[in-house]
Structures are given as structure tokens and as C-alpha cells.
Student: 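The structure's right below; bear with me while I get my questions together.
Chain identifiers are assigned alphabetically (A, B, ...) following the order of the sequence lines, protein sequences preceding nucleic acid strands; residue numbering begins at 1 within each chain.
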Protein chains: 4
Amino acid sequence: MDPGQAVLETVVRDGVFPDGFYSTTNLETWVRIDSRWVTVTNPEMDCGLVVEGEGDALTVRTLPMIDARAGMRVVCGAMGIRVVVPKSEKKSGTFGFMESQVSSEKPQAVLVRQVADGIRECKANGQKVLWVGGPGIVHTGAAGAMVALVKAGFVDVLFAGNALATHDIEASLFGTSLGVDLSQGRGVEHGHEHHIRALNAIRREGSIAAAVESGLLTGGVMHAMVTAGKPFVLVGSVRDDGPLPDVITDVIAGQRAMRAQLDGVGYCLMLATMLHSVATGNILPASVPLVCVDINPATVTKLSDRGSSHAQGIITDVGLFVEQLAVELVEDYRSSPSLMPHRGIG
Amino acid sequence: MDPGQAVLETVVRDGVFPDGFYSTTNLETWVRIDSRWVTVTNPEMDCGLVVEGEGDALTVRTLPMIDARAGMRVVCGAMGIRVVVPKSEKKSGTFGFMESQVSSEKPQAVLVRQVADGIRECKANGQKVLWVGGPGIVHTGAAGAMVALVKAGFVDVLFAGNALATHDIEASLFGTSLGVDLSQGRGVEHGHEHHIRALNAIRREGSIAAAVESGLLTGGVMHAMVTAGKPFVLVGSVRDDGPLPDVITDVIAGQRAMRAQLDGVGYCLMLATMLHSVATGNILPASVPLVCVDINPATVTKLSDRGSSHAQGIITDVGLFVEQLAVELVEDYRSSPSLMPHRGIG
Amino acid sequence: MDPGQAVLETVVRDGVFPDGFYSTTNLETWVRIDSRWVTVTNPEMDCGLVVEGEGDALTVRTLPMIDARAGMRVVCGAMGIRVVVPKSEKKSGTFGFMESQVSSEKPQAVLVRQVADGIRECKANGQKVLWVGGPGIVHTGAAGAMVALVKAGFVDVLFAGNALATHDIEASLFGTSLGVDLSQGRGVEHGHEHHIRALNAIRREGSIAAAVESGLLTGGVMHAMVTAGKPFVLVGSVRDDGPLPDVITDVIAGQRAMRAQLDGVGYCLMLATMLHSVATGNILPASVPLVCVDINPATVTKLSDRGSSHAQGIITDVGLFVEQLAVELVEDYRSSPSLMPHRGIG
Amino acid sequence: MDPGQAVLETVVRDGVFPDGFYSTTNLETWVRIDSRWVTVTNPEMDCGLVVEGEGDALTVRTLPMIDARAGMRVVCGAMGIRVVVPKSEKKSGTFGFMESQVSSEKPQAVLVRQVADGIRECKANGQKVLWVGGPGIVHTGAAGAMVALVKAGFVDVLFAGNALATHDIEASLFGTSLGVDLSQGRGVEHGHEHHIRALNAIRREGSIAAAVESGLLTGGVMHAMVTAGKPFVLVGSVRDDGPLPDVITDVIAGQRAMRAQLDGVGYCLMLATMLHSVATGNILPASVPLVCVDINPATVTKLSDRGSSHAQGIITDVGLFVEQLAVELVEDYRSSPSLMPHRGIG
């Protein structure tokens with residue numbers, strides 16, 4: 001194929017390139033002028049290419065926009081240009097920005113909508129949506145939104161640890177999460193005891209379901225799961241207080257209980273938990289779409305480094321993410337007062 | 001004052017404490033029984049205190065809830081208990097959770113509302129709201145929400161760099177930010193050239209205001225600022241492409257231009273920029289309330305370490321934060337289609 | 001006490017203050033001149049104070065160094081100056097930089113030496129040093145240094161999970177850690193199977209100690225602990241493969257086994273594990289000095305937010321930290337070839 | 001090519017696979033038995049494959065190691081196995097761990113040695129080593145090691161901002177960095193004024209070189225560069241105090257000064273600065289090997305997202321990294337007392 005000849009245009013105004021100027025990469029670049037290939041002397045990205053001299057003395061060099069001067073000849077369009085991509089580059093022939101998988105600089109509202117679409121498609125296929133969650137869901141005030149999503153049928157199975165369930169129940173019984181008042185965003189006196197008292201209260205009842213039945217537990221994520229008849233698997237960890245009577249304290253037994261719930265799962269959403277996300281990634285087939293939402297890029301990096309390289313990472317705030325997800329998926333969600341966490345779940 | 005005597009109750013059921021059990025800290029603790037102070041042998045947080053033996057052989061030790069056995073005697077209430085707080089502790093007499101300033105585990109919706117309240121109060125006092133912003137506002141799709149806040153009068157002054165303005169204008173002209181399509185969340189072909197073409201286009205017009213006047217620029221944050229007649233100070237940095245004609249390339253001249261806008265500022269909101277946040281923190285009196293929103297805790301830590309220790313840090317996603325702030329402050333915001341970034345600003 | 005009068009000196013050279021100039025904070029500031037207190041009009045940190053006008057028209061304002069002009073009168077020394085500290089400030093009367101607890105910008109070699117001193121003091125008191133470690137110790141190539149520290153008697157008890165022990169044994173048997181060749185820093189073919197084969201090999205032997213006895217396991221941290229006769233407690237988690245036969249899979253049983261080792265512990269060093277650090281923090285009395293080393297500030301923040309507010313956080317690279325610690329504590333450490341991980345432990 | 005038939009072996013001991021067992025991925029997998037391809041029913045990574053039943057009822061399923069029971073038939077070796085890799089996977093036919101570019105879980109000592117090799121090779125080719133550095137080099141106590149590297153000829157050009165030079169000079173004049181005593185790791189009284197007094201002192205001298213000549217400045221990185229006759233380019237930023245007289249305050253002039261030093265550069269090492277790293281990445285040809293060392297993965301991610309996708313990121317502590325680099329490159333480095341920062345540079 002004929003590579004053509006480079007098209008040159010003249011700079012009209014200092015500091016401004018002609019409209020269609022060729023914008024450079026930092027790779028080795030050749031320009032074809034008068035049927036001869038000339039190398040660009042100093043590759044630099046985001047510059048123009050200025051052509052100087054004639055015949056054998058002709059040179060092409062990169063030039064920052066601000067250094068353009070009226071009368072200079074600049075390469076325009078993409079004809080007659082060849083860029084040499086190093087063999088070691090993973091993606092042949094491309095140069096790009098924003099290609100990392102763990103950037104927080106992505107349009108988040110769009111990502112929320114893509115997750116919503118994935119969940120809707122999963123449900124439309126008659127498959128189950130698996131949620132894997134950490135206590136950050138409660139700490140960041142997202143429990144109200146998650147309750148709405150449970151009620152609307154978008155949470156079929158929940159994998160979590162003692163902490164999510166305990167702080168959810170703490171929020172329901174005391175209006176706090178790890179002692180922080182969820183409606184005011186600050187600690188309350190004796191608040192650090194609340195989760196331990198919540199644990200004791202549920203242990204007395206014998207199980208979360210029993211506490212729902214007895215009328216002790218009237219709100220929150222766990223209440224919603226019990227009421228909706230949806231299964232959850234709580235597996236313990238060595239840092240647990242209590243734990244809740246529903247927690248499986250043997251981790252191998254816990255893995256088996258999780259495996260038993262995988263049948264029919266068509267979408268998996270992981271929220272704010274490195275431990276349970278990696279655990280679920282370990283047992284999930286790669287064919288199940290997997291989205292991992294965490295404010296800490298290290299969680300996504302670790303999940304990916306542990307074999308779940310197909311996981312889509314969204315580096316964002318879980319509280320605001322779940323809130324937006326509820327807005328997307330649950331009709332009339334906004335008209336409810338559930339933005340205020342303790343009312344929504346207390 | 002009489003410290004009283006510890007009240008003991010008996011465990012009724014294995015693994016469950018009596019209702020009002022004393023929940024321990026990890027500090028040295030003494031319990032008064034039969035008018036004698038007995039030390040707790042193994043301090044551990046979130047446990048109960050079990051009393052065993054009689055008379056001189058009487059001991060008090062911590063016990064995890066799960067190890068409680070029917071018949072054990074457990075300390076209840078707070079009478080007759082003394083906790084020794086080490087002198088080195090900053091906060092005398094307290095023990096608490098969630099007291100760090102840089103945690104991402106806070107109820108975010110509440111924090112949004114507190115910022116909204118602060119902004120409303122500032123405006124009610126006839127003072128100006130200063131925004132300091134990085135390009136993350138555009139990358140995360142928050143430009144539409146910020147436009148709504150500008151139009152509603154909640155952005156009186158804007159400090160930023162070349163990047164925020166460039167990517168905002170790129171989004172307006174091309175629908176992308178650093179080449180990522182804001183309505184689809186993925187890169188487009190030749191997208192990495194968009195910001196450099198946007199720069200060239202505005203340089204041709206001579207200024208952002210001229211581009212608004214000529215009809216080239218019809219949306220986005222900078223368009224909204226120009227249209228609303230609100231001042232902005234763009235100061236350059238060594239990593240800038242272009243830059244935009246409005247950018248002050250001498251950083252000392254830039255500092256002076258920023259100082260000239262501080263008069264009457266009553267609230268300062270810093271979003272997704274370490275460079276301009278520290279720069280603004282450097283020149284701002286400590287009497288101006290200061291909120292720094294960033295997904296990266298290091299930005300808040302650094303701002304604080306550079307002398308702005310009164311800054312309130314909110315570790316969250318800027319895109320979703322500004323979206324929620326618009327919902328809080330701008331009436332009828334939701335009914336607009338601005339959740340979809342490129343429509344809102346394109 | 002007489003606050004004195006401000007001392008004024010004259011600027012001699014443009015852009016330079018007199019030697020003893022008063023360096024400002026961003027707090028409300030008053031200056032006493034001619035026995036009258038004058039307020040500083042625009043508080044800004046790191047500036048000088050320039051005095052202009054006379055009598056009732058006298059003003060004092062902050063001035064950046066670069067704007068100093070010959071002939072200006074500038075406040076020198078600290079006499080006649082009053083700074084108003086807001087009541088809400090935690091630390092009365094102080095203004096400072098670098099006061100955050102989670103900064104990575106600290107002189108690390110000094111911190112290593114302080115930890116070394118703490119460990120030496122603990123041993124000199126006849127107490128035990130407790131290490132809590134994650135697999136990052138092995139991934140970052142620090143196993144060789146830790147082996148030297150075990151042999152030299154600076155590791156009395158080890159709390160960890162299945163991962164540290166597994167990857168340590170993988171490194172010993174295969175020279176890799178999670179499949180990454182520790183002497184070359186890159187993945188090897190079939191490397192992702194190594195840890196699972198290491199697990200199977202030890203399971204066949206029946207225990208780590210049995211594998212040492214049989215001659216299968218000849219190096220690494222676990223080998224060193226067994227050979228030195230030092231106890232370790234490995235508690236499982238839901239993300240475990242295998243696990244090793246020594247791992248306690250019931251987390252409550254694991255907590256009890258950890259508590260049983262706390263007697264006599266006088267220093268605790270936590271390295272690269274959020275899970276086991278929080279678990280150990282839960283059961284440790286606040287009287288035991290606690291140092292948490294992690295590259296991720298979130299680990300220190302979380303540990304602190306879970307009640308271990310006395311923990312000293314060091315945000316650094318665990319691999320290089322342990323290496324330096326061995327240099328500090330183990331005589332002739334450097335002359336050994338253990339910098340090269342796979343030789344040291346293979 | 002004949003795919004062969006799967007080889008089956010029998011489990012001898014509960015919980016242990018035969019030696020050569022096939023270790024699974026989470027991808028769709030087929031096994032050829034009796035010349036028939038059978039699909040694996042529940043793909044899960046890090047498991048074995050157990051074969052049950054006969055003829056048409058024959059099934060193959062994944063089995064965790066711990067669930068192996070004596071007598072089970074398990075697939076061994078890699079014959080007769082086919083793994084279906086999804087088309088969307090970037091790397092065809094592979095499955096792996098630890099493939100992310102921004103992990104902190106790498107053997108750091110090896111990475112240090114690789115950087116040392118790269119620098120030696122660059123020097124052997126007669127090319128220049130370009131360092132790009134932030135103030136973290138000084139804060140973390142690495143200035144002494146960097147001084148040794150300058151003296152030994154491994155730093156040919158330095159790009160930095162006002163902060164690195166200022167805190168380096170502060171350390172030399174006062175023994176502190178941002179007010180933190182580098183030999184004790186904690187703040188000193190009035191320490192926050194030190195950097196501003198250091199700035200004033202150098203401004204009085206007229207330049208850094210003049211301060212070396214006059215005998216005011218006797219140690220540190222900048223002193224070493226001046227003494228060795230090596231060029232440095234300091235470009236200002238909007239957050240600068242002072243600045244030093246050597247700082248180029250116009251950022252476009254600064255970019256030009258940086259470009260003027262690129263000729264002959266054969267290796268580039270970026271340390272602890274996002275601003276100057278991205279700025280240098282902008283102007284550097286992709287053909288120059290580029291290593292970016294930072295404790296914050298976000299710096300590497302951002303550098304990569306700004307077009308420098310070939311940058312090798314090392315997530316580690318800069319202080320300890322430079323220390324190790326000096327040990328690798330500078331003969332007899334260890335015998336000097338420069339581990340103690342303020343002595344080495346004061």
C-alpha cells in the first residue's frame with residue numbers, strides 16, 4: 001500500500017498549529033517527504049512536526065504548540081507517517097492514555113450504569129446476582145440503598161463476613177456503625193460498645209432469622225435478606241468479635257457453603273472487601289462477569305494478581321456507588337427518605 | 001466521689017453475656033469488689049469481665065463472649081471500674097473507634113449534607129465559596145453536576161490548573177476526557193489527541209471567554225463560569241500541554257493572582273488536586289473552613305502535613321460526591337439529564 | 001508577663017528578609033507596636049510581617065519573601081507577637097508540619113533503628129518479641145532477612161495465616177513466591193501452580209515440622225522457626241488454598257491459640273497483613289508496644305480505627321524494612337549472600 | 001497434533017493429591033478420556049480434577065485438595081487437557097498470578113539490582129543517567145545515599161522542583177526536613193520555620209552555587225551536584241515557598257530548560273514525584289528506559305495513563321530504595337556513616 005506523502009501546512013499565527021496538524025507520540029517516527037523517509041529527531045508526545053530546510057538538509061523535529069511561529073511548515077493529517085512500535089509493547093500499533101485497569105479517573109456515573117445493565121441482563125436470563133460485601137457498605141451509609149436493592153430483587157445471594165452483618169445490625173439497633181452515628185457522621189459516647197452489644201443481643205436470640213421473627217431486628221440488610229427469603233453465607237475470620245450465631249467459624253466449611261450457592265449465578269458484584277472478594281474469586285468460574293468496587297486500588301490489584309484477571313475494577317466510594325446503583329435500578333428510589341442512613345435502616 | 005462497687009450478674013446461657021455487661025477496653029483496668037480494687041489480669045478489648053474465686057483468691061479476667069458459660073459471674077454496668085489511661089495518650093480518658101482523620105469508612109451521604117450546609121451558611125453570610133479543582137472532576141463525569149452548581153450560584157471563585165480547564169473543554173468539544181468517552185467509559189480512536197486539539201482550538205480564539213463569545217465553546221464548567229461572570233485563576237505547572245491562553249505560566253504571578261481573589265471567601269472546597277490544594281492551603285487563613293475531597297488519603301495527609309491541619313478530609317469519589325452535592329443544593333437537579341456527562345456539557 | 005514590643009528591621013535586598021524575621025502561621029495574629037496591639041490583616045503561613053504607615057494608620061500585613069523590597073520594615077524575633085489558636089484545635093498553642101500518623105514521608109532509616117532499639121530493649125527485659133506477618137514478607141524478598149532474625153533470636157512467636165507459610169515454603173521448594181521467581185523478579189512458566197504443589201507436598205508429610213524432619217524443607221522462615229524451636233500460630237481464612245496441615249481452620253480456636261501465646265510478650269511487630277494485625281490488636285493489651293509496618297496507609301488507619309490507637313505506623317516497603325532491620329540487629333548480616341532471596345532460603 | 005489422553009492416578013491418602021496432579025484454572029476446561037472430550041462441570045482455580053463414573057455417565061469435576069479421599073481417580077500431567085481461553089483475554093493462552101504492573105508485592109532487592117544493572121549499562125554506553133526527584137528523597141532520609149551516588153558518578157542530570165532542593169538545604173543547614181529531625185524522626189520546636197529560613201539564606205547568597213562557594217552550604221544533594229559540576233533544572237510550582245533563586249518560575253521556560261538537557265540521556269529514574277515525573281514523561285522519547293519508584297501506586301498509574309506506558313513501576317519506599325541502590329552501586333558505601341541522614345549531609 002502506498003503510504004503517501006506527508007501534507008505540509010503553514011503556521012499562520014504564533015503559538016497555534018494549523019487545524020489538522022499531526023499530533024505526535026513519543027515513539028520513533030518517520031515522515032515521507034518528496035518520496036524520502038526522514039526520521040523525526042526528537043520524539044516527544046503531544047507535539048506537532050515542523051519541517052525545516054530543503055533537499056538533503058531537510059529535517060523534521062517535534063515542536064510544542066506554544067513554540068509554533070508564523071511561517072513554519074507543519075505536518076498535517078496522517079499520510080506519509082510511520083510510527084515504529086517497539087516489539088516489547090503489549091498492544092501492537094497503539095498508543096493511548098487511560099489504559100490502566102486501576103485508575104480512579106473514570107466517569108463513574110457511566111460505570112454505575114454499566115453495572116446496572118449487567119445486573120438487569122443477568123436477571124433477564126433467569127440467573128442469580130451474587131453480592132460479596134464488606135462492612136464498608138454500612139460504614140459509608142449505603143445500607144439503605146442496598147436494602148432497596150434486596151427488596152427489588154437484585155440481590156439473590158450474599159457472601160460476607162461477621163463484620164458486615166454485625167455493623168448492619170448495630171446500625172439497625174443503635175443507629176451507629178463501629179460507633180459512628182450514621183446520621184451525623186461522628187462518634188457517640190459508648191459507641192464503641194454498640195457492635196459488641198448487638199452481637200450479644202443476636203446471640204441471645206439464637207440466629208439472625210430468630211431476631212427478625214422475635215421483632216428485635218426490624219431493619220437493615222440482613223433483615224431484608226431474611227424477609228425476602230434470600231440465602232446468605234457468613235464466614236468467620238480471625239479478627240471477629242462475637243461472632244454472630246450464623247457465622248461459620250471453620251473456614252473450610254465456609255468455602256463449602258459458598259460453593260453450594262454458586263449454581264445459577266450469572267453476575268457477581270464485590271463491594272469493599274478484599275478477604276471475601278479473593279475468596280469468592282478463588283471458587284468462581286471465569287465465565288461469570290465479575291465487578292469489584294473498592295476505594296482502594298490495592299484490592300483490585302490483589303484480586304487480579306490472585307488469578308481473577310478478568311475482574312473489572314471500579315475504584316470509587318462504595319457508599320455513593322450503591323446509592324447510585326439503587327437510583328438506576330429501583331424505581332421511585334429517590335422519593336424514599338433512605339438517603340439518610342439511620343432512617344432507612346433503623 | 002464514691003466509685004461504688006462492681007455489680008455482678010450471672011451468665012444464664014452459654015456464649016451470651018447478661019444484658020448490661022461491662023464491655024472492656026485494652027487498657028489497664030481495675031474492678032472494685034467487696035471494697036477492694038482488683039486488677040484485671042489480661043486486658044483485651046471487646047470482652048466481658050468474669051469474676052472467679054473468693055476473698056484473697058478472687059480474680060477478674062477478660063473473657064470473650066463466645067467463652068461465656070452458664071453460671072459465671074460477670075461485671076455489669078460501669079460502677080466500681082477504673083481504667084488507667086497512659087499519659088502518652090493524646091485524648092485523656094477516652095477509648096474509641098474510627099477516630100482517624102483519613103478513613104474512607106464514613107457515612108458519605110451525611111458528609112455531603114454537611115458540606116452542603118457549610119456552603120449554604122457561607123452564602124447566607126454574604127461570603128464567597130472558593131472551589132479548588134483538578135481534572136478528576138471531568139474524568140469522573142462530575143462536570144455536569146458542577147455546571148449546575150455554578151449556575152445555581154454556589155461557585156464564586158475557581159482555582160485550578162491547565163488540566164481541569166483543558167479536559168473540561170475537551171469534553172465539551174469532543175465528548176471525551178483524556179480520550180475516554182464520558183458516555184461510554186472507554187477510550188475512542190485518536191482520543192489521546194483530543195485534548196491537544198482542544199488546546200489548539202482555544203489558543204486560536206485567544207482565550208476561553210473569546211471561545212464562548214465566538215460560539216465555539218457552548219458547555220462545560222469553564223463555559224458556565226464565563227457565562228455567570230465568575231472569576232477563575234488558572235496557574236500552570238511543568239507538566240502542562242499547550243497551555244490554554246488563560247493559564248498564568250509564571251507560578252509566582254499565579255500565586256499573586258490567587259491571593260487577589262481571597263477577599264470575602266468564607267468557605268473553601270478542594271476537589272481532586274494535591275498541587276492546587278496545597279497551594280491554596282498555603283495562602284488561606286486558618287479561619288476559612290476548608291474541606292478536601294479526594295479518593296486518595298495521601299492528598300489529605302499531605303495537605304495536613306503542610307500546615308493546613310484544620311482541613312476536613314473526605315476520602316471519597318469526587319465524581320459521585322459532586323453529583324450528590326448538586327442533588328443536595330440545586331433544586332430539581334435530578335430531573336435534568338446531566339447524570340449523563342457528555343449530554344450535560346456537550 | 002510583659003509581652004514586649006515587636007522588633008522591626010529593614011529589608012536590605014529585594015526578595016530577602018532580615019535574618020531573624022518572624023515566620024508567620026495561618027492563624028489570627030496580633031503584633032504589639034508602640035504598646036498597641038495591631039491585627040495582621042491577611043494571615044498566611046510562611047510569610048514575613050511588613051509594617052507600613054504610622055500612628056493610627058499603621059498596618060501590619062503578611063508578605064511573601066519574594067515580594068520583599070529594600071526599605072520595608074519587617075518584624076523580627078518573637079517579641080510582641082500574639083497568635084490566637086482556635087479552641088477547636090486539638091493541640092493547644094502549636095502549629096506544625098508532618099504531624100500526621102500515616103505519612104510515608106518520614107526518615108525511614110531512623111525508624112528502622114528505633115524499632116531495633118525497641119526489640120533489643122524487649123529482649124534485655126527478658127520478654128518475647130511477637131511477629132505478625134503476611135505473605136508480603138516473602139513476595140518482597142524479605143524472607144532471607146527474617147530467617148537471619150529468627151536465628152539471631154529476635155523472633156520469639158509468629159502469628160500468621162496460611163499464605164505466609166505457604167509462599168515461604170513455595171520459595172524454599174521452587175524459588176518462587178506466587179509464581180514469581182524471587183531471584184529475577186518475574187513470573188516463570190507454570191509458576192502459578194507452585195504454591196498448590198507446595199501445599200500438597202507438606203500435606204503429604206503431615207506437618208511443617210515433619211517436612212523439616214524428613215529433609216523435604218531445608219530453608220525459609222518456617223524452617224527457621226521449627227529449627228529454633230519457636231512457636232507459631234497459623235490461623236486460616238476463607239481465601240485459603242490447601243491449607244497447610246498446621247493451619248487452624250476454626251477461627252475461634254485460632255484466637256484461643258493466639259491468646260495462649262501472649263504471656264511474656266513485650267514487643268509486637270506487625271508486617272504487611274491487615275487481617276492478622278487487626279486480629280492481634282484485638283487481643284493484645286495496650287501496654288505492649290505495637291509497631292505496624294505496611295506500604296498501604298489504610299492498614300495503619302484501620303488498625304487504629306479498630307481500637308489500637310497506640311499502634312505506631314510505619315508506611316514503608318516491608319521487603320526493604322526487614323532487610324534493614326537485619327542489618328541493624330544481626331551482626332555480620334551483610335557479609336552473607338542473603339540479599340539474594342532464593343539463595344538465602346532455597 | 002494428537003492431544004493424547006488424560007492420565008489418571010489414584011488418591012492414596014485423604015486430603016492429598018498424587019504428586020503430578022493437574023492444577024486447574026478457572027477457565028472452561030475439557031478432559032480427554034477414552035478418546036472422548038468431557039467438560040469439567042464446575043471450573044475453579046487451584047483444584048484437582050476428579051473423574052467419577054464410567055462410559056456415558058463419566059464426569060470430571062474440580063475438587064479442592066482438602067476434599068480428596070483415598071481411592072478417588074485424579075487427572076495427572078497435562079496430556080489430554082484443553083483449556084478454552086476467552087477471546088476477550090488480552091494474553092492469549094495464559095493464566096497467571098502477579099501480572100499487574102502496580103503491585104507492591106514484588107521481591108524488592110531484585111528490583112534494586114535490576115535498576116543498578118540498567119544504570120551501569122547506561123554508563124558503559126557513554127550515556128547520561130537522568131534523575132527526577134521529589135522532596136520525599138530527603139524526608140525519607142535518602143539524601144545521604146543519593147550524595148554517595150552523585151559522587152560516584154551515577155547522577156548526570158537532575159530534574160526537580162523547589163521542594164527537593166529546599167528540604168535538602170534545610171537538612172544541611174538545620175538537620176531537619178519539613179521540621180522533622182532526620183536523626184530522630186520527630187518534629188523539633190520551630191522546625192516548621194526551618195525551610196523558610198533556609199530559603200531566605202540561599203536567596204541572600206544569590207544562588208545555590210554561590211552558597212556552596214561562600215561556604216554556607218557544605219553538604220547534601222544540591223551541594224554534591226554543584227561540586228561535581230553536574231547540571232540540574234529546578235522548575236517551580238504554584239505551591240512553592242520562596243522560591244530558591246535557581247528555580248525557574250515560568251513553567252514553559254522550565255520545560256524548555258528540561259528539553260535542553262535530554263541529549264545523551266540513556267536511562268531515567270523517577271523518584272517520589274508525580275508532578276515532575278509526568279512532566280519528564282511528557283518530553284522523553286519512549287526509547288529511553290524509564291523506572292518510576294514511588295510508595296503510592298497512583299503515581300505509576302497516572303504516569304502510565306499520561307502516555308508513558310513503557311515506564312516500569314516499582315512500588316516501594318524511596319528512602320530504603322535509594323539506600324539499597326547505593327549499596328549496589330557504590331563500593332564501600334556501607335562503611336560510611338551515611339545511614340544516619342543528618343551526619344551524612346549536614
Student: Any donor-acceptor pair under 3.5 Å linking the side chain of R203(D) with the backbone of G15(C)?
Tutor: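 Confirmed, R203(D) side chain pairs with G15(C) backbone.
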Student: Check F321(C) against L320(D) and note the closest heavy-atom contact, atom names and distance.
Tutor: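 Where F321(C) meets L320(D) most closely, the heavy atoms are N-CD1, 3.5 Å.
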Student: Would you mind telling me which of D317(C), T140(C), T316(C) makes a side chain to side chain contact (heavy atoms under 4.5 Å, CB included) with T316(D)?
Tutor: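 Passing option: D317(C).
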Student: Between I66(D) and G242(C), which heavy-atom pair has the shortest distance, and what is it?
Tutor: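 Of all heavy-atom pairs spanning I66(D) and G242(C), the closest is CB-O, 3.4 Å.
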Student: Could you look at N200(C) and say if it's the side chain, the backbone, both or neither that has a heavy atom under 4.5 Å from chain D?
Tutor: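 Backbone plus side chain of N200(C), per the 4.5 Å heavy-atom cut-off to chain D.
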Student: Residues two or more places apart in sequence or in another chain: which of them pass side-chain contact (heavy atoms from CB on, under 4.5 Å) with L63(C)?
Tutor: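 Result, side-chain contact (heavy atoms from CB on, under 4.5 Å) vs L63(C): F17(C), V50(C), R61(C), D67(C), A68(C), M72(C).
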Student: Which value, rounded to the nearest 0.5 Å, describes the distance between H192(C) atom NE2 and M45(D) atom CE?
Tutor: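 With rounding to 0.5 Å, NE2 (H192(C)) is 9.5 Å from CE (M45(D)).
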Student: How close do M65(C) and I196(D) get, counting heavy atoms only, and between which atoms?
Tutor: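 That would be CE-O, 3.3 Å.
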Student: So which part of R13(D) gets closer than 4.5 Å to some heavy atom of chain C, the side chain, the backbone, both or neither?
Tutor: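 Contact with chain C involves the side chain of R13(D) alone.
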Student: Could you go step by step and tell me if D46(C) and E193(D) meet the side-chain contact (heavy atoms from CB on, under 4.5 Å) rule?
Tutor: CA-CA 7 Å; D46(C) 295 332; E193(D) 300 175 5; over 6 Å; no
Student: So for I137(C), is it side chain, backbone, both, or neither that comes closer than 4.5 Å to the heavy atoms of chain D?
Tutor: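 Nothing of I137(C), per the 4.5 Å heavy-atom cut-off to chain D.
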Student: Heavy-atom cut-off 4.5 Å, strictly under: side chain, backbone, both or neither for N296(C) against chain D?
Tutor: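 It is neither, since no heavy atom gets under 4.5 Å.
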Student: Examine whether an atom of P18(C) lies under 4.5 Å from a heavy atom of chain D, and if so say whether it belongs to the side chain, the backbone or both; otherwise answer neither.
Tutor: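 Backbone only.
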Student: For D117(D), enumerate each residue passing the side-chain contact (heavy atoms from CB on, under 4.5 Å) test, keeping only those at least two apart in sequence or located in another chain.
Tutor: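 Checked D117(D) against side-chain contact (heavy atoms from CB on, under 4.5 Å); matches are R120(D).
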Student: So which heavy atom on S23(D) is nearest to which on R197(C), and how close?
Tutor: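 Distance-wise, the nearest heavy atoms are N-NH2, 4.0 Å.
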